[in-house]
*Asks:* 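Below is the structure I would like to discuss, written out as structure tokens.
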Amino acid sequence: MTGPYDDTARERRAPELPKEGGDGRSPFQRDRARVLHSAALRRLGGKTQAVGVGEDDFPRTRLTHSLECAQVGRELAAALGADPDIVDAACLAHDLGHPPFGHNGEAALHAAADVCGGFEGNAQSLRILTRLEAKVDGAGLNLTRAVLDAATKYPWTRRLGETKFGVYADDLTIFEWLRDGAPTGRPCFEAQLMDWADDVAYSVHDLEDGVYAGHIPLAALDRDAIAELAACSYSPLPSAELRTVLDELLIEEWWLRSYDESFAAQVALKRMTSMLTGRFCSRAIAATRSAYGPGGLTRYEAALVVPERIRAECALLKAATVHYVVLPRAATQERQRELLTDLLVAVASQSPDALEPALRPTWAAAGSDAARLRVVIDQVASLTDVSACAWHDRLLGCR
């Protein structure tokens, strides 16, 4: 087959016997199903998104976020002529590597894993897809090259002074296979769609969760603090310019001015969520079409174009959630980091017995302390918020 999704794009690392009778699905439809049915995806239901798991019945978990991200990504792909199943699968897979307690847990594991190459949720996702998830022995889910490439948001190894990377050094052979023929350091178009779908989904929906939970006071937003935080963490624009963007966003007709938990307020909140999602997607689609014209946009033929104003609005939503939901939980987050650090030490000291049976052979075959630590990291990162606490209590006793 020729074209953007040719035989090379459809190739899998390990050969597989065809299913009896065949099932009529494309390789990318099969990949989406493999991710959807994976144990790693199910575990995301017990992992924090923004508001902690179990604090309320309403807020998203990593699982519901991933499902919403996939829906957004699929529609972006359909509008721009990329394969929707590739982008859908990549969106479902993009957070598989996140450990307990969200980005807070990621920071704790990264600090503890420095001697074995650090920890990064995106690199861990690749490890799960290609090694750890049980489907094909030695190849993880054995996904096609195109889907693995689409799931690779940061196509580079760990770099000095940078926090984001997409592959550990001991997974380089797999990485080089999936990136065969790709421009160095450039994510494919489908990965860019996945990345923007992720930004849209979590910026809009985390804000919705924060408002619903009573953390974000829509009637009294600290606009200066939000703009400053956005400038520091999420946008290259200066805080003064971001403050102007925020002021203009807040006077949109559909922006909810206050939230009183009534049914009418819930309807208005949902309308705002819908309007923001549609705005962020439609503006990116229009800008990309303006740059590249009609027709299918795939692989390395195009780059997603998101207007600066839309990226600024997205950054401000993220900053609002961090300011009102994440930062006030500093004490809780410190306890969570301590719990994971202590748990990591306990699992390492009690391995291989402390490991789940599936990981014990890898630990036994490891040739160094660093390699054994990586296996321990794999174990702890796989846990949900609740199971991390339970493992801590079982191995260390309640404190």
Side-chain angles (χ1 to χ4, degrees), residues 38-66 95-121 123-125 127-128 131-134 209 213 215 325-364 366 369-399:
S38 67
L41 186 70
R42 292 195 299 276
R43 283 194 292 266
L44 294 183
K47 298 191 181 189
T48 293
Q49 175 63 17
V51 178
V53 174
E55 291 185 22
D56 196 289
D57 292 337
F58 179 86
R60 274 86 177 172
T61 63
R62 287 275 167 191
L63 174 59
T64 52
H65 161 70
S66 296
D95 267 353
L96 294 183
H98 271 283
F101 311 125
H103 290 292
N104 186 44
E106 189 176 15
L109 292 189
H110 181 60
D114 188 63
V115 297
C116 65
F119 180 88
E120 211 284 334
Q124 192 69 18
S125 293
R127 191 170 175 84
I128 289 169
R131 284 179 181 261
L132 301 178
E133 188 66 29
D209 285 353
H215 300 310
V325 179
V326 178
L327 296 182
R329 298 164 54 85
T332 298
Q333 291 184 331
E334 183 177 359
R335 290 193 296 272
Q336 291 171 344
R337 289 192 297 271
E338 290 174 353
L339 182 150
L340 281 186
T341 301
D342 291 346
L343 177 58
L344 197 66
V345 171
V347 173
S349 66
Q350 298 179 45
S351 288
D353 293 342
L355 298 170
E356 291 175 341
L359 289 174
R360 291 173 190 171
T362 307
W363 186 94
D369 289 343
R372 284 185 283 273
L373 177 59
R374 177 59 67 193
V375 180
V376 173
I377 292 283
D378 289 339
Q379 175 67 83
V380 174
S382 74
L383 302 176
T384 65
D385 295 11
V386 171
S387 62
C389 294
W391 276 53
H392 180 275
D393 290 347
R394 175 169 58 84
L395 297 178
L396 291 156
C398 297
R399 293 186 182 180

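Just so it is clear, the values below take in all heavy atoms, side chains as well, and ignore hydrogens, waters and symmetry mates.
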*Asks:* Would you compute the distance between atom CZ of R131 and atom CZ of R127 and round it to the nearest 0.5 angstrom?
*Replies:* 5.0 Å
*Asks:* Between V325 and H215, which heavy-atom pair has the shortest distance, and what is it?
*Replies:* CG2-CB, 3.8 Å
*Asks:* What distance separates T61 OG1 from K47 NZ, expressed to the nearest 0.5 Å?
*Replies:* 11.0 Å
*Asks:* To the closest 0.5 Å, what do you measure between OG1 (T64) and CG (D209)?
*Replies:* 7.5 Å
*Asks:* Could you tell me whether the side chains of Q124 and D378 share a donor-acceptor contact shorter than 3.5 Å?
*Replies:* yes
*Asks:* Do E356 side-chain atoms and Q379 backbone N/O form a donor-acceptor pair below 3.5 Å?
*Replies:* no
*Asks:* Taking R337 for its side chain and N104 for its backbone only, find out whether a donor-acceptor pair lies under 3.5 Å.
*Replies:* no
*Asks:* Check whether any side-chain N or O of Q336 sits under 3.5 Å from a backbone N or O of F101 as a donor-acceptor pair, and report yes or no.
*Replies:* no
*Asks:* On a heavy-atom basis, which atom in S66 and which in D95 lie closest, and how many Å separate them?
*Replies:* OG-CB, 4.0 Å
*Asks:* Rounded at 0.5 Å granularity, tell me how far CG in L395 sits from CG in L344.
*Replies:* 11.5 Å
*Asks:* Once rounded to the nearest 0.5 Å, what's the spacing between atom CD of Q333 and atom CG of L327?
*Replies:* 8.0 Å
*Asks:* Are R394 and W391 in a cation-pi contact, defined as NZ or CZ under 6.0 Å from the six-membered ring centre and within 45° of the axis?
*Replies:* yes
